[in-house]
Amino acid sequence: MEKQQSKDPLHGITLQKIMEQLVEYYGFDTLSELIKIKCFIDNPSIKSSLNFLRKTDWARKKVEELYIKTSPKFN
């Protein structure tokens with residue numbers, strides 16, 4: 001019996017990995033323009049962003065959507 005692969009493009013990717021790649025690619029300045037949330041604007045860090053995103057579903061969804069759109073450019 002074959003294992004079915006997940007159709008979720010984020011399957012197996014942690015929120016921390018998503019943030020690290022987005023910050024490396026865009027930097028916090030551009031991220032704060034693309035997604036207007038305070039944790040990207042005011043004294044940004046990956047740690048503070050992760051704390052906020054884990055508690056705030058709408059913001060996490062925006063970050064995940066940006067990651068999905070941007071991920072082909074990471075290679």
Side-chain angles (χ1 to χ4, degrees):
M1 184 182 235
E2 282 186 41
K3 283 187 177 181
Q4 288 187 340
Q5 288 189 348
S6 174
K7 293 184 183 188
D8 179 5
L10 298 174
H11 180 76
I13 302 172
T14 65
L15 184 58
Q16 181 170 347
K17 183 70 172 172
I18 290 170
M19 280 301 304
E20 288 170 351
Q21 287 188 310
L22 288 175
V23 169
E24 183 178 324
Y25 187 78
Y26 289 112
F28 277 110
D29 288 339
T30 303
L31 269 178
S32 68
E33 291 174 14
L34 295 170
I35 304 172
K36 302 213 183 299
I37 51 178
K38 188 174 180 179
C39 66
F40 292 168
I41 298 167
D42 187 25
N43 198 15
S45 72
I46 290 180
K47 184 178 179 182
S48 66
S49 299
L50 289 172
N51 286 335
F52 177 76
L53 294 170
R54 286 183 178 129
K55 296 176 192 173
T56 315
D57 289 337
W58 65 265
R60 181 179 180 145
K61 184 173 171 81
K62 286 183 180 246
V63 168
E64 290 173 345
E65 288 170 355
L66 178 62
Y67 178 82
I68 291 168
K69 284 189 231 175
T70 308
S71 61
K73 298 175 185 175
F74 294 146
N75 298 329

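Here the structure is a predicted model, which is why all the values come from computation and not from measurement.
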Peer 1: Quick check: do V63 and F40 have side-chain heavy atoms less than 4.5 Å from each other?
Peer 2: yes
Peer 1: Please name all residues satisfying salt bridge (charged side-chain N to carboxylate O under 4.0 Å, His left out) with E64, sequence neighbours left out, ordered by chain then number.
Peer 2: R60
Peer 1: Output a table of donor-acceptor pairs, distance under 3.5 Å, between side-chain atoms of residues 7-21 and any protein atom two or more places apart or on a different chain; print 'none' if there are none.
Peer 2:
unit_1 : atom_1 : unit_2 : atom_2 : d
D8     : OD1    : L10    : N      : 2.9
T14    : OG1    : K17    : N      : 3.0
Q16    : NE2    : E20    : OE2    : 3.0
Q21    : OE1    : Y67    : OH     : 2.8

Peer 1: My understanding is that only residues two or more places apart in sequence, or in another chain, count here; which of them pass side-chain contact (heavy atoms from CB on, under 4.5 Å) with T56?
Peer 2: F52, W58, A59
Peer 1: Do any pairs count as a salt bridge (charged side-chain N to carboxylate O under 4.0 Å, His left out) and have a residue in residues 24-47, sequence neighbours left out, and if so which ones?
Peer 2: none
Peer 1: Taking atom CG of N51 and atom SG of C39, what is their separation to the nearest 0.5 Å?
Peer 2: 9.5 Å
Peer 1: If the condition is salt bridge (charged side-chain N to carboxylate O under 4.0 Å, His left out), which residues does K62 pass it with, not counting sequence neighbours?
Peer 2: none
Peer 1: According to a hydrophobic-cluster definition based on side-chain heavy atoms being under 4.5 Å apart (Ile, Leu, Val, Met, Phe, Trp, Tyr only), do I35 and I41 belong together?
Peer 2: no
Peer 1: Under a 4.0 Å N-O cut-off, is there an ion pair linking K61 with E65?
Peer 2: yes
Peer 1: Report the residues that fulfil ring pair (Phe, Tyr, Trp, His ring centres under 6.0 Å) with Y25, sequence neighbours left out, ordered by chain and then residue number.
Peer 2: F74
Peer 1: For the pair S48 (side chain) and S45 (backbone), establish whether a donor and an acceptor sit closer than 3.5 Å, ignoring hydrogens and angles.
Peer 2: yes
